[in-house]
Structures are given as structure tokens and as C-alpha cells.
Protein chains: 2
Amino acid sequence: MEGSAPRRTRIQQEKRELILEAALEVFSTNGFRGSTIDQIAEAAGMSKPNLLYYFRRKEDIHETLMQRLLDTWLAPLRELDDIGDPLTELRSYIRRKLEMARDFPRESRLFANEILQGAPRIMPLLEGELKTLVDEKATIIKGWMRAGKIAKTDPWHLIFSIWATTQHYADFDVQVRAVLGADRGGDGRFEDAARFLEQLFLDGLKPKD
Amino acid sequence: MEGSAPRRTRIQQEKRELILEAALEVFSTNGFRGSTIDQIAEAAGMSKPNLLYYFRRKEDIHETLMQRLLDTWLAPLRELDDIGDPLTELRSYIRRKLEMARDFPRESRLFANEILQGAPRIMPLLEGELKTLVDEKATIIKGWMRAGKIAKTDPWHLIFSIWATTQHYADFDVQVRAVLGADRGGDGRFEDAARFLEQLFLDGLKPKD
DNA sequence: CAAAATTTTGACCGGTTGGACAAACGTTAG
DNA sequence: CTAACGTTTGTCCAACCGGTCAAAATTTTG
């Protein structure tokens, strides 16, 4: 019995990967119920029954995708630790998170879709693993505040605000580009965003003097 | 010919309102494609053909909902004007926006759903009405910066960050509550958020001295 | 009351979708 | 070659879904 490692041949590994890649594309733009197995199969270059040979149910694909997603998605937060200057640490967390929004917008949208609909499939993860991680990092941040290294405020809401502002550039990308227009909505928007966010989180809006 | 005001009896007005209310509930939690006419009809307490008597197509309901939504949704930004102290003006914009996230989370989620999927139905509005409004307000904010009333930064990204942080409490509500836990995730979370956001946007994270 | 107009419903339809299945195809090992 | 195993596909099905339609029920109007 080997329930924890049921993988077989190399072909299966490759095909499963192909399907997951295709499913990420389709799910992230159409949502779970808005996506069809046929769409995913076509995007993966195979027939529907063939796809169902590798994943028995549509939900299995989604579940596998979500499991992998959470690991990579929370990696930047996991890296946040006590060594180094607090402000620098927070600044690079924001930068990494923004880079993920730029480089993995599909993952961000998939996650947003799931949360928007009430997180029916990952609620236990949110209340368990995620809460534990955030609480742990909030304690670190609280320590920084007590030591006078950063301003005193609510660490949890601070983390929320970093998530919100960075993921916004992935989840609401079409809106951002529409509002910025053709000239400013190009590739440079992420650098503009990085500059702005750094200033916002470090200094706020009050004029310097 | 009265294409602009095709409303008829009082019953029609009431039933249409009933349907829109039910559709808001269903669409905002399941997305457009994830929602069925049957679900909406049941939530509105009527049969499917009866619902289709008031709205001929599923898309008509969604379209009507989106049109109304945008007006109320952008109201807080429209109120932002040049009279009064800039920092106070921005602070009350943030507060109003957060109140909307608290009082109209379904509207926020409906909008988020639409944007997430590439805004297929409201793209023209984003590039037209919305962009015009944001550009106009960005000009006002730029004036404040030139006058030294607030710190110099990018007005567009400032507006994005206000949208992102406030709507986060509606769109990602389940995640916020899961992470905050039973004790801190109660009704007080919006007041905590308001306090945090005020501090973030005004002073940033650098320690006071 | 009676005719006209409006509202509601049951039955139905065509298209789509998730999924099952067995047969065919390919590949590898003896 | 051939048997065994893994892979691929055509076909099919039952459930669902958006939408139609005609008839029935109700309300409005004269």
C-alpha cells in the first residue's frame, strides 16, 4: 500500500503536468464551473476521455492545482524572518509578492476565484495552515514593533494590505490596464507599482515636512 | 417610441427588483456561468418561466445589475473633490470605500468576479467612463502634491491601492475571517481595518522617531 | 359581469456537459 | 511473434441548462 505516492510511469508524470498547466490556464480565466473538461483537454492537446484517464474527475484536477498553488503562493511569506533589518525585510516581502503577481497572474486569479466563492474547497487550509503561518509571522512583526523598529499597528491587517495591494495587479489586471491607458498600462506598470507601494508602506502620504 | 423608459406596471417594477436582488445574491457567490436561472428564480420565489417573463435572457439580468452597480460603486470616488483639506478628503474616501465593502459585499464580489474573468461585459465602461473619472481625480490629487499638501507619488496607483485594500475586506472576507480566527474575526474587524488603513495611508510603517 | 390585458406555470426542446465504457492502438518484454 | 500492459479514442448516456410556447390563472379595464 502506497497511498502517498501513487505515481507511475514517466509518461503519466508528463501528461499530468501538461493537463495541470492547461487547466490552470482555463480555470483561472473561466472559473471552475465556467470551465469544461473539453476546453482543458483541447488546451492540453488531447481528447476528453484521454484526459479523464489521468484525472478521473474534473474536481481532481482543480484539487491538485489548489494544493500545489498554496505551497508556492505562501513561499514569500514563509521567507519572512527575524534576521535582517525589519523595514528591509518587509520591503522585500512586498517586492517578492508583487513579482509573483507579475509572473504568476493565473495562479493568483485561480486563488482569488476560489476565495471569492467562499473557499468551499480550501476552507480547512485557510483556518489551519494559513492561519498558523500568519499568526507566526504576526508575532515576529509584533516583536519589531515592540522594539521600535517599525511603527506600532496591527500586524494581521498589515499582511492583508500587502496581499491586497500586490495581488490587485494580477487579479484586477484588466482594470488596471484599462484605467492606465495604452501609454502607461504597458510593461512598466509593475515598476511604477513597486515604487508606489514602497513609498506607501514606508512613508505614507503625509508630506515630508 | 420610449426606448429609454420601457417600464410598465407597479407589479413589474416590484418583480424586477425582486429578481435583481435574488440575482445579486446568486451571481456574487457563484459567478455568472456558475449560476443557473433556476437558482435565481427559486431565490426570488418564482418559477423559471415566470422569471424569464421579466428578463428574457440570463445576460439581461446580469447586465442590468452591472449597470446599476457601477453608479453606486463609483459614488465615493465622485465625491472626492478639491474643497477641504487633502488628507482629510483622502481619509474620508478610504473610510467611505471601506464602509461600502462592509455594507455591500455582494456588489463588490459581483464586480470582482466580472473583472477577474477579463471584464468581458464591461470593458468599454472601464476604458471610457471609469478611466475618465480616475484621470480627473488623479489630476486633483496631482494638484495637492504640487501644492505640497500630500507626499509626491503616483495618483493612479494610489487610487488602486485604496481600491485594493478596502475591497479586500469584501472580496476576501472568508479568508480574512479564517485568518483572524473566531475572536478577532467578528464584527470589530472593520473598525480594526479602518484604524490600520488610516495609519498606513497617512504615516506608513517607519517608526515615528 | 365580461372582455382584454397581464401574469404564472407545466411541459417541452435542443444543446451542452461530466463521465462511463469497451474497443482499438501502441509499446515493451519474453 | 505474441502476450501483457499501458495509452488513446469513438461512442454513448443521463443530467443539466437556457430558453420557448401555449394554455391556464389572475388582474385590470370598461
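Keep in mind the model is a prediction, meaning the values are calculated, not measured. Chain naming here is simple, since letters A, B, ... match the order of the sequence lines and numbering starts at 1 in each.
Residues A/Leu80 and A/Ile140 have side chains not in contact (no heavy-atom distance under 4.5 Å, counting atoms from C-beta outward).
As rounded to whole Å, 16 Å separates atom P of C/dT27 from atom CD of A/Gln12. Atom P of nucleotide C/dT16 and atom CG of A/Asn30 are separated by 16 Å, given to the nearest angstrom. Summarising the geometry, the separation between CZ on B/Arg33 and C1' on C/dG15 is reported as 12 Å, rounded to the nearest angstrom. Per the geometry, CD1 belonging to A/Ile37 stands 16 Å off P belonging to D/dT9, to the nearest Å. For A/Arg16 and D/dG6, the CZ to P distance is 16 Å, given to the nearest whole Å.
Residues of residues 41-62 of chain B that place a heavy atom closer than 4.0 Å to DNA chain C, in numerical order, are B/Ser47, B/Pro49, B/Asn50, B/Tyr53, B/Tyr54.
The phosphate of C/dT6 has neither OP1 nor OP2 within less than 4.0 Å of any side-chain N or O from B/Lys15.
Taken from CZ in B/Phe201 to CD1 in B/Ile150, the straight-line distance is 11.5 Å, to the nearest 0.5 Å. With values rounded to the nearest 0.5 angstrom, B/Lys58 atom NZ is found 11.0 Å from B/Lys48 atom NZ.
Among A/Gln199, A/Arg184, A/Arg195, the one residue that satisfies the side-chain hydrogen bond (donor to acceptor under 3.5 Å, both in side chains) test with B/Asp154 is A/Arg184.
Salt bridge absent: A/Asp192 and A/Arg189 never bring a charged side-chain N and a carboxylate O closer than 4.0 Å.
No cation-pi contact links A/Arg33 to B/Phe32, judged by a cut-off of 6.0 Å to the six-membered ring centre and 45° from its axis.
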